[in-house]
Amino acid sequence: MKDWNNLQADQNLLMNKRYTAGRAGHSINKIVLHHNAGRLSIQECWNVWQTREASAHYQVDSNGRVGQLVWDRDTAWHAGNWEANCTSIGIEHANNHVGEPWIISDATLENGAHLVAALCRYYKLGRPEWGKNVFGHKHFAATGCPGEIAGTQNTRYMARAQYWYDQMTSGKTPAPTAKSASTPSADIDALADAVIRGEYGNGNERKQRLGANYAAVQARVNQKLGATPHTPTPAPAVNIDALADAVIRGEYGNGDERKQRLGNLYSAVQARVNAKLGY
């Protein structure tokens, strides 16, 4: 997100259909979580919903990027229940792979949970709590959605949502997620994979989009691609004696030509020439 406090997504790619303007007089009182049942990008979600009567307010990519596809003030078609649609925010999550178990990456989990916290704070829904103000799609329709977000990853997802809510409502600077010192973090791993796929561009664009994560992500990219850091080869030691002999043989000319060709070595070489010639 560009701005968690003000709900400014990394990308706005707004639907031109498959949603209803406004909320039919209802207020937002819940968040409904979904999974893609695939590994879709923000753009791919938009494409799918052009031909399918469905939509959601947000998509969280496998690299953690958040896209807004329907404005919060409008009703997305996501819960399979009209009243639930009118009173909820729908968040889609990209899966980490295609097939059972329908898990999501650490980057998706972290930023999905952070988005839940930001929405709960912004709309005054209270601390995120499963079954109270945060629900899975299957609570409102006969479906397996949102996969492991409602299963094996639910406890961790909600713990992170509560963590971020507490941080956002306390005014404290959030502490980074604890990572293993011996292995690369899963977030950095996912970002490195996204860089390799070309999703973060090159050069300055990549640096700008990755921000403080750039050095760690680029190092992981290099590691994944088998690159090794470049260590400059030290310049060989200058042999003043050999240069002086070359000058004496006439290989460096005289006067200004000699000065120009020897550069910053001129004084040392000329002194050695003089010593060799007994001046």
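- Salt bridge D166/R127: present, at least one basic N to carboxylate O contact under 4.0 Å.
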Stepwise side chain to side chain contact (heavy atoms under 4.5 Å, CB included) test for N96 and R39:
CA-CA 6 Å; N96 204 25; R39 191 172 184 172; 4.3 Å; yes

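- Taking CD1 of I240 as the reference point, atom CG of D245 lies at 11.5 Å (rounded to 0.5 Å).
- V98 and V48 fall into different hydrophobic clusters, defined by Ile, Leu, Val, Met, Phe, Trp and Tyr side-chain heavy atoms under 4.5 Å apart, directly or through other members.
- Geometrically, R261 engages Y252 in a cation-pi contact, judged by NZ or CZ lying under 6.0 Å from the ring centre and within 45° of the ring axis.
- Partners of A24 by side chain to side chain contact (heavy atoms under 4.5 Å, CB included), not counting sequence neighbours, listed by chain and number: H26, C86.
- No chain of hydrophobic side-chain contacts below 4.5 Å, direct or via other Ile, Leu, Val, Met, Phe, Trp or Tyr residues, connects F135 to L33.
- T20 places no side-chain N or O within donor-acceptor distance of the main-chain N or O of T75, the cut-off being under 3.5 Å.
- Closest non-hydrogen pair, A94 versus D61, comes out as CB-C, 3.9 Å.
- Put simply, the side chain of I31 does not reach to within 4.5 Å of the side chain of Y58, judged on heavy atoms.
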After noting the C-alpha distance and the side-chain angles of D241 and R272, does the key distance pass the side chain to side chain contact (heavy atoms under 4.5 Å, CB included) rule?
CA-CA 7 Å; D241 227 35; R272 187 68 181 130; 2.6 Å; yes

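- Using a 4.5 Å heavy-atom threshold, the side chains of M168 and N5 count as touching.
- Under the 4.5 Å side-chain contact rule for hydrophobic residues, L69 and V66 do not share a cluster.
- Residues R23 and T87 approach most closely at NH1-N, 3.9 Å, considering heavy atoms.
- Checking W102 against E100 by side-chain atom types alone, a donor-acceptor pair falls below 3.5 Å.
- At a threshold of 4.5 Å between non-hydrogen side-chain atoms, the residues Y19 and N85 do not count as touching.
- Distance check, rounded to the nearest 0.5 Å: CG of N111 to CG of D10 gives 7.5 Å.
- W49 places a side-chain heavy atom less than 4.5 Å from the side chain of E92.
- Cluster membership check: L40 does not share its hydrophobic cluster with I149, using side-chain heavy-atom separations under 4.5 Å among Ile, Leu, Val, Met, Phe, Trp and Tyr.
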Might you work through the side chain to side chain contact (heavy atoms under 4.5 Å, CB included) test for I104 and V60, ending with a clear yes or no?
CA-CA 10 Å; I104 59 176; V60 185; over 6 Å; no

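- The line from OG1 of T108 to CD1 of I103 is 10.0 Å long, rounded to the nearest 0.5 Å.
- Closest approach of I42 and R65 over heavy atoms only: CD1-NH1, 4.0 Å.
- Evaluation of the side chain to side chain contact (heavy atoms under 4.5 Å, CB included) rule for T143 yields H137, K138, A141, C145 as partners, not counting sequence neighbours.
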Could you go through residues 113-125 and list every donor-acceptor pair under 3.5 Å that involves a side-chain atom there, pairing it with any protein atom two or more places apart or in another chain?
{"from": "Y123", "atom 1": "OH", "to": "D72", "atom 2": "OD2", "distance (Å)": "2.8"}

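- Shown here is Q43, whose CD atom has more than 12 heavy atoms of other residues, nucleotides or ligands within 6.0 Å.
- Interatomic distance, OH of Y165 versus CE of M158, reported as 12.0 Å (0.5 Å rounding).
- Looking at Q68, its side chain never comes within 3.5 Å of a backbone N or O of N12 through a donor-acceptor pair.
- Within 6.0 Å of CD on Q8 lie more than 12 heavy atoms contributed by other residues, nucleotides or ligands.
- Counting heavy atoms from C-beta outward, W164 and E110 have side chains that approach closer than 4.5 Å.
- Among all heavy-atom pairs drawn from W130 and A150, the shortest one is CZ2-CB, 3.8 Å.
- In terms of heavy-atom proximity, H97 sits nearest to G99 at CE1-O, 3.0 Å.
- Annotation: E257, atom CD; neighbour count of heavy atoms from other residues, nucleotides and ligands within 6.0 Å is above 12.
- Closest of all the heavy-atom pairs between W46 and N16 is CZ2-ND2, 4.0 Å.
- Hydrophobic clustering of Ile, Leu, Val, Met, Phe, Trp and Tyr side chains at less than 4.5 Å, counting indirect connections, unites W4 with Y157.
- In this structure, the salt bridge (Lys or Arg N to Asp or Glu O under 4.0 Å) partners of R249, at least two apart in sequence or on a different chain, are E251.
- Partner of H34 under the side-chain hydrogen bond (donor to acceptor under 3.5 Å, both in side chains) criterion, out of H93, Q59, H78: H78 alone.
- A distance of 12.5 Å separates CG in N133 from CD1 in I89, rounded to the nearest 0.5 Å.
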Could you please spell out the steps behind the side chain to side chain contact (heavy atoms under 4.5 Å, CB included) verdict for M15 and Q50?
CA-CA 8 Å; M15 298 294 296; Q50 291 298 301; 3.6 Å; yes

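- Side chains of E148 and N95: a donor-acceptor N/O pair is absent below 3.5 angstrom, by distance only.
- Remark: A84 pairs with A79, N81, F140 by the side chain to side chain contact (heavy atoms under 4.5 Å, CB included) rule, at least two apart or across chains.
- There is a side-chain donor-acceptor pair under 3.5 Å between R220 and Q223.
- Of the inter-residue distances, the one linking S88 atom OG with N29 atom CG reads 8.0 Å to the nearest 0.5 angstrom.
- Contacts of N254 classified as side chain to side chain contact (heavy atoms under 4.5 Å, CB included), with partners at least two apart in sequence or in another chain: R258.
- The existence of a salt bridge linking R160 and D106 is excluded, since no basic side-chain nitrogen approaches an acidic carboxylate oxygen closer than 4.0 Å.
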